[in-house]
Enquirer: 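Take this structure, written in structure tokens, and hold onto it; I'll ask about it next.
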Amino acid sequence: MASSSRSCAATKCEIASCAMCHCCQTDLCLDHLKEHRDRLNEKLVPLTNQINTVLDRLKQITPTSLPNLLMLDQWRDAAHQTIDRFCQHMRNELFQQAKNKPLEKLHATRNILDQLIQKQGATRENIDILIKDIEQIEQEFNNLQKISINLRPLVIDKHAIIQSKASNKLQHESKKKKLSVDPLEQQNELEALQNGIAFQIFVQVTNIF
Ligand SMILES: [Zn+2]
Ligand SMILES: [Zn+2]
């Protein structure tokens, strides 16, 4: 063995090195070079397994399996309830507004009529006014059927979600590869949501009648 040649770096190997492994800058004899390469290649198998495991776990994840996305369902339910309440409220209010005016007139006319009957003192003018008033009231009641409203489209876009505190936190958390959030904070948000204060849908009705 020439003194200038470098020996194999493997422990207890006294054979002169025949090559240098470029990946780790180590001088090795042929046998140890093969062994070294085999050992490196062996590490590929567990890596493949690891990737497969992650792939399997990813397949298990569905849109409904992520706990924070349940907020979306609760938001939807709260929004549905808000719309239901709004429609019911507006239907009653519009109906009352339309009905009350002719109804008040009808009662007033009825009072005048009752008084005239009681006094038995009707004049031709009284009768003409009464006939005219009743016709007018009838016309107003007929107009109830013609109530028309214009509704602006309800626009819900992605900003409703992205700009909310909860989803910002979601994005933030997912960057950290964490799905859990502070339980207390989450609880507060859920309560706010259930109480209908966290998300409110604003619907404006225009051109009533
Ligand atoms: Zn190497
Ligand atoms: Zn060797």
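Every number for a ligand or one of its atoms is a count from 1 in the order of the listing.
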Enquirer: What angle, in degrees and rounded to 10°, do you get at the Zn ion (ligand 1) when you join it to SG of C21 and to NE2 of H36?
Expert: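 Value, to the nearest 10 degrees: 110°.
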Enquirer: Between D31 and K34, does at least one N-O distance fall below 4.0 Å, as a salt bridge requires?
Expert: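 The answer is no: the pair does not qualify as a salt bridge.
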Enquirer: Could you go step by step and tell me if D27 and C8 meet the side-chain contact (heavy atoms from CB on, under 4.5 Å) rule?
Expert: CA-CA 5 Å; D27 295 312; C8 174; over 6 Å; no
Enquirer: State the atom name: nearest N, O or S atom of H32 to the Zn ion (ligand 2).
Expert: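 Of the nitrogen, oxygen and sulfur atoms in H32, the Zn ion (ligand 2) lies nearest to ND1.
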Enquirer: Any donor-acceptor pair under 3.5 Å linking the side-chain atoms of T123 with those of N126?
Expert: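 Distance-only check passes for N126 and T123.
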Enquirer: Does a sphere of radius 6.0 Å around CD in Q88 hold more than 12 heavy atoms from other residues, nucleotides or ligands, not counting ones at 6.0 Å or beyond?
Expert: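 At most 12 heavy atoms, drawn from other residues, nucleotides or ligands, come within 6.0 Å of this atom.
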Enquirer: The Zn ion (ligand 1) to C23: any N/O/S contact under 2.8 Å?
Expert: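 So C23 counts as coordinating the Zn ion (ligand 1), yes.
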Enquirer: Please state the angle at the Zn ion (ligand 2) spanned by SG of C13 and SG of C8: what is it, rounded to 10 degrees?
Expert: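 Centred on the Zn ion (ligand 2), the SG/SG angle is 110° (to 10°).
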